[in-house]
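In what follows, a structure is listed as structure tokens, so that the remarks can point back to it.
Just the heavy atoms: all of them, side chains too, but no hydrogens, waters or symmetry mates, feed the values below. Numbering starts at 1 and runs along the sequence shown.
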Amino acid sequence: MEGLTAVKTHRAQSNQEPEPALTIRSSHKVSRHGEDVPKVATRDGVNQHKKVSDASTRKGIGCTSPEDALHILRSQPDTETLLTILSQLKSGSGFTKLFSLAYPGPLQGQIVNTLVIAITPTFWASLDGKDSRLLVKCLSNITGLNAVIARLRALSNDSAADKSHELQDLFDLTDLLLQGDDFLQGLWSGLHASGSEAVKLNLAWKELANLLGSARIVGIAAQAEDVVWQSKGKVRTKSLWLSNSAEYCTWIGRNIASLSVHSAGNAHQNCAQDAAKVLDRSLGLRQPVSLMKGLVGRLFSSQAKETPLQDAAVAFRTLLGLLPIFRKREFIEQCLQWFSGLLTEEGLVGDAMASTQSKKTAAAASLLEILLKTDKNMQHGLIELLADAPRNAALSFPVRLAVICALSAANSDELQTLLERLMATFSDALFISHAPIIQQESLAQTLLLTAGYLHRDQPMAVFVTARSAGHMQGVSDRLGASNERARWLGMVVAMAISQVVDKEGQKMDFGVEETRTEEAVWYRNLVELKHQPGTLDDFSRLLRESETKKPVRRKPRQAGLEKMPNINGKPVFGPPRPPPPQPVASQTEVVGEKISEVVESGDDDDDDDLTPYGKPDSDPEDSDEDATLVNRNRPRAPVYIRDLMRMLADDQNAERFQLAIQHAASLVRRKSTFGSEVKDHAVELLSTLCNLQDPFDTEDCDELRLQTMIAVLLSDVGTLGPWLSKHAFAEGYSIAQRCLMFTALGLGGRELAGFKTEDETFNPQLQNTEFPSKRLPPRMHAIYTGAQQSTKRLEAAHKSVENSLIQPLALEAADQTTSHLNAVKVRSFSSRLSSENRTKRKPNPNLLAKVFGPAFFAPLVGRYQQDIAAYGSASILASAPFVLVTFLKTIALLLHASGPATLNLAGITAEFWDLLLGLRVQAAGDISILEAVLFGLLTLLEVNQDGYQRLAADIPRQIAEAQQWVQVVFENVGGGEMVVGGGSQEEEKVRTLAAGVMVKLGEIVKGEQRRLFGAEVG
């Protein structure tokens, strides 16, 4: 091609993929006939298709049919291959036949289910923002939404295993999937772009409307969120928007509005009908404030400048016109409930409130006029609403005024029907005697407003009603009513009607002081109110003010009075009674939100209500000014166990190794409840972790390796517990590696018993208070204190359990020594009781009790006995006291976590007791071993606390030997006669443990003596 110059030519090698023979820099220009023109990137004379995404050019294996794409997705693809397939599925290009995920079908369902069930839990945590949005785009269809919601429900109801990791990933995916106001419009466009049969499309959209318009999504999301929080050991303090019904309904309303606006400029007639189907179902959610705020606010808010208000009004009228009759009436009722929250008088008094309230009423009437002008069904529904006293009283006075104003402008003939029905109800004897006064007041106000507007258009209609027998009888019945307020309302309404229809000098006047109060004047002047509907610009301004106004402290009323709109230049005062209560549904707007009182001040910042935008996705790799230094082939986090093992074995690339060790524990936990991949590679992976070295001085490498070993162990305790116990005594491992294996067994078993939260709370890594100057440099410190570092968390758990065992004994001793101080005893008991109540929580299921014997105790004790029998004093357990101490503490912690419900507890107790008594000689030479032995005995006695009688019958000789030996320890330790290598603190701890063991052994002996010789013994 003329004017094109090859920049670089590259020949593909046999072991590499072929690259384009011609590479052109997009910013380079060449001269042709003396003119500078930009080059066009071409290859073989064919222009590249601009719609193909960048991901499609990645290194990967493409496919020519959707069946091949499904096969590749099911074959555990790598990340690059996955992104290539997702790019093809998103665009639909590269296939030999037309294919789209937007159309529901069997093949689409299989692909989407594979993406949700297999791909998402495997890859989601390792995908960056751009790649994760590519996966979301492939699921942005009806089939994808159904699959995600179904998966959320299945995982929430599955109590067999911990699914919190996969649930959290699904939450993040669902949040991205449903975000935005154009989600519904995108689904509709993609569905109808497939060009399929109309019947199938209608069925698919009906299913979508049933899903979105029901409470199923909110309920499933809330249940899944509870499962996630409970797995973390926390109580849910706030909800995500998807599990908050108010925020969800607002989102539904905005999406319906976007689709209805789209239908106005779309030639397809089904667009508006499909939007009406979703609205029809959404009205059943009974969230009027949230739904109307999203729907009407999205259509008429001034922030939506891309749609003119007139076009929005046409789309709004078309949308409501397609609703069934009963849904139209329900819509108008919910709309009025929303208006009751918009048209308030808070923070305004006097003339300022009068002018502002008039503008608000006129603005609300402008929208109601659009609804009523051409729709008889809505007019009749509105009359039914106003004529019903209970529902009438649920509306605020400004809303009723706006309704009468709009109904008068739309069809004044209907006002006569409304007046007749209001008059009949107001004059009914049963209503006068039994209806609540608040309903009678609201009905009287609506009656007077209707009479005033009707009299200006049809004076004779009001005259006939005033002269009717029903009205006269009603006035008579009210004058004879026993309720003083009912009588007063009868006189006020009669005087107001007479003021309109009678001539001067013939107007009714009862001549009592009650009819001359300011409240009575306000009622009588209601017939003179003259409001006209405003414009849509006024309504848009009202919405903007309601979104941006700040709550202020309301000024106190003066003598209980408030001014209402001016009439003929004279202010009309409002009644001193509180305004009618708002409907219950209007309160749902604040559900899940924190309500705070804003104190009125003169120096408030106007920017307090502005919400800052979130930071865009950043790529630190692209921040370098020199483009040649940017690494485009940076490694990704592993998504398969085999990839994890390869990356852990890489001692040449620090970034790959560190990325693998950082994501190893979370990957194993996610995969443990997902398929059999972890179990298939568990032994090999655990062996890799036991022998793992850190060639790159990775931060917190030991802690990350320990977390991964625990995660692998818990994936198959029955198999990996004995395997790890065996290798802890095998040759070729260092002391630090052996201690790390014991720590993994101890902490893994405690997590299985439900003590994960406690162990994380006492994690020394989170509570590092050691002074830095007392430590060696990090590299030297790791060499000389490797064993101590690997058992930090195990030691923290040991201290916690030790304190919990000793503290009750100390409190009991304190109570006995202060028996003469009753006040002290009461205070001590009450403080402990309140502390126990504060720390009481729902117990976790103890799964360790079932497997402690065969998976932990028997393999550990059996390998210990074999090692001692084979090597004697040359055994690592005999020559390195630290390893023996770690071994004993591991078994004791596991036994304590397993608890009294341990299977075969009697056999385990006898065998462990013999093992501890056999270490008395070694304990005499090292105080750390002595402390571990006493801790083991105390743990045995604590676990068997409810079976002291059984212990006395099964192992009487061991109990007697232990009692004599512990008594000697207690008497000699502290004087330096029994053990060496200890300090004052260690000796004090040993004496405390010995005292605890003596107390419990004494209880066993005394109990046995009472049983044998009677209660007088002892």
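With 3.5 Å as the limit, one finds no donor-acceptor pair spanning the side chains of D700 and Q662. Between Q223 and S156, the side chains place no donor N or O within less than 3.5 Å of an acceptor N or O (distance only, hydrogens not considered).
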Tell me, with the steps shown, if V943 and T939 meet side-chain contact (heavy atoms from CB on, under 4.5 Å).
CA-CA 6 Å; V943 173; T939 303; 4.3 Å; yes
Between Q922 and L919, does the side-chain contact (heavy atoms from CB on, under 4.5 Å) criterion hold? Intermediate values first, please.
CA-CA 5 Å; Q922 291 177 265; L919 294 172; 3.1 Å; yes
Verdict with supporting geometry, L740 and D702, side-chain contact (heavy atoms from CB on, under 4.5 Å):
CA-CA 9 Å; L740 187 66; D702 289 337; 5.6 Å; no
Determine, step by step, whether L847 and V717 satisfy the side-chain contact (heavy atoms from CB on, under 4.5 Å) criterion, reporting the C-alpha distance in whole Å, the side-chain angles of both residues, the deciding distance to 0.1 Å, and the verdict.
CA-CA 11 Å; L847 303 178; V717 177; over 6 Å; no
Passes salt bridge (Lys or Arg N to Asp or Glu O under 4.0 Å), E795 versus K799? Steps please.
CA-CA 6 Å; E795 187 65 27; K799 290 181 180 179; 5.0 Å; no
Criterion salt bridge (Lys or Arg N to Asp or Glu O under 4.0 Å) on R656 and D650, from CA distance to verdict:
CA-CA 7 Å; R656 278 172 54 85; D650 190 350; 2.9 Å; yes
Does Q963 form a side chain to side chain donor-acceptor pair (under 3.5 Å) with Q967? I'd like the steps, not just the answer.
CA-CA 6 Å; Q963 189 179 26; Q967 186 174 1; over 6 Å; no
Could you go through the salt bridge (Lys or Arg N to Asp or Glu O under 4.0 Å) check for R669 and E751 one step at a time?
CA-CA 13 Å; R669 289 186 182 274; E751 181 176 342; 2.8 Å; yes
Test salt bridge (Lys or Arg N to Asp or Glu O under 4.0 Å) applied to E703 and K792, step by step
CA-CA 10 Å; E703 175 65 21; K792 264 189 173 183; over 6 Å; no
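Considering only heavy atoms from C-beta on, Y864 comes within 4.5 Å of L915 through its side chain. The shortest distance between side-chain heavy atoms of Y948 and E1003 falls below 4.5 Å. Counting heavy atoms from C-beta on, the side chains of H165 and Q168 never come closer than 4.5 Å. By the 4.5 Å heavy-atom criterion applied to side chains, N944 and P900 are not counted as neighbours. Side chains of L916 and L888 form a contact here, defined as non-hydrogen atoms less than 4.5 Å apart. Taking 4.5 Å as the limit, every side-chain heavy atom of K726 sits out of range of all side-chain heavy atoms of Q866.
Taken to the nearest 0.5 Å, the CZ atom of F882 stands 11.5 Å off from the CG atom of L884. L685 contributes atom CG, which lies 12.0 Å from atom CG of D680 (distance to the nearest 0.5 angstrom). Here the straight-line distance linking atom CG of L745 with atom CG of L724 works out to 4.0 Å at 0.5 Å rounding. Rounded to the nearest 0.5 angstrom, L951 CG and Q949 CD are separated by 10.5 Å. One finds the CZ atom of R153 at 13.5 Å from the CG atom of L170 (value rounded to the nearest 0.5 Å). Separation of atoms CD1 (I735) and CD1 (I876) is listed at 4.5 Å; rounding is to 0.5 Å.
For residues 706-742, the set of pairs meeting the ring-ring contact (aromatic ring centres under 6.0 Å, His included) definition, not counting sequence neighbours, comprises W723-H727, F729-F742, F729-F887, F742-F887. Among pairs with a residue in residues 663-695, none fulfils ring-ring contact (aromatic ring centres under 6.0 Å, His included), at least two apart in sequence or across chains.
The backbone N or O of V973 sits less than 3.5 Å from a side-chain atom of R991, completing a donor-acceptor pair. A distance-only check finds no donor-acceptor pair linking the side chain of R750 to the backbone of E758 [under 3.5 Å]. A donor-acceptor distance shorter than 3.5 angstrom exists from the side chain of S126 to the backbone of F123, with no hydrogens or angles considered. Here the side chain of T890 pairs a donor or acceptor atom with the backbone of T886 at under 3.5 angstrom. Side-chain N or O atoms of D694 include one that pairs as donor or acceptor with a backbone N or O of T698 at under 3.5 Å. The closest donor-acceptor contact from the side chain of R705 to the backbone of I661 lies at 3.5 Å or more, if one exists at all. Although no hydrogens or angles enter the test, the distance criterion places a donor-acceptor pair under 3.5 Å between the side chain of S725 and the main chain of G721. No donor-acceptor distance shorter than 3.5 angstrom exists from the side chain of D643 to the backbone of V639, with no hydrogens or angles considered. Remark: the backbone N or O of L895 is not paired with any side-chain donor or acceptor of S898 at under 3.5 angstrom. Side-chain N or O atoms of T909 include one that pairs as donor or acceptor with a backbone N or O of L905 at under 3.5 Å.
Counting all heavy atoms, side chain and backbone alike, A664 lies closest to T708 at CB-OG1, 3.4 Å. Closest heavy-atom contact between E225 and L240: OE2-N, 3.2 Å. E731 and R738 get closest at one heavy-atom pair: CA-NH2, 4.0 Å. Shown here for S804 and H896, the closest heavy-atom pair between the two residues is OG-NE2, 4.5 Å. Looking at every heavy atom in both residues, L713 comes nearest to G748 through CD2-CA, 4.3 Å. Of all non-hydrogen atoms in S672 and V678, the two that sit nearest each other are N-CG2, 3.8 Å.
Classified by interplanar angle (parallel below 30°, tilted 30° to 60°, perpendicular above 60°), the ring pair F912/F857 is perpendicular.
E699 CD: 12 or fewer foreign heavy atoms inside a 6.0 Å radius.
When E677, K671, E166 are each tested for a side chain to side chain donor-acceptor pair (under 3.5 Å) with T122, only one passes: K671.
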All N/O donor-acceptor pairs, side-chain side in residues 927-937, below 3.5 Å, sequence neighbours left out:
| from | atom 1 | to | atom 2 | distance (Å) |
| --- | --- | --- | --- | --- |
| S928 | OG | D926 | OD1 | 2.2 |

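Comment: K1000 engages E942 in a salt bridge, judged by a side-chain N to carboxylate O separation of less than 4.0 angstrom.
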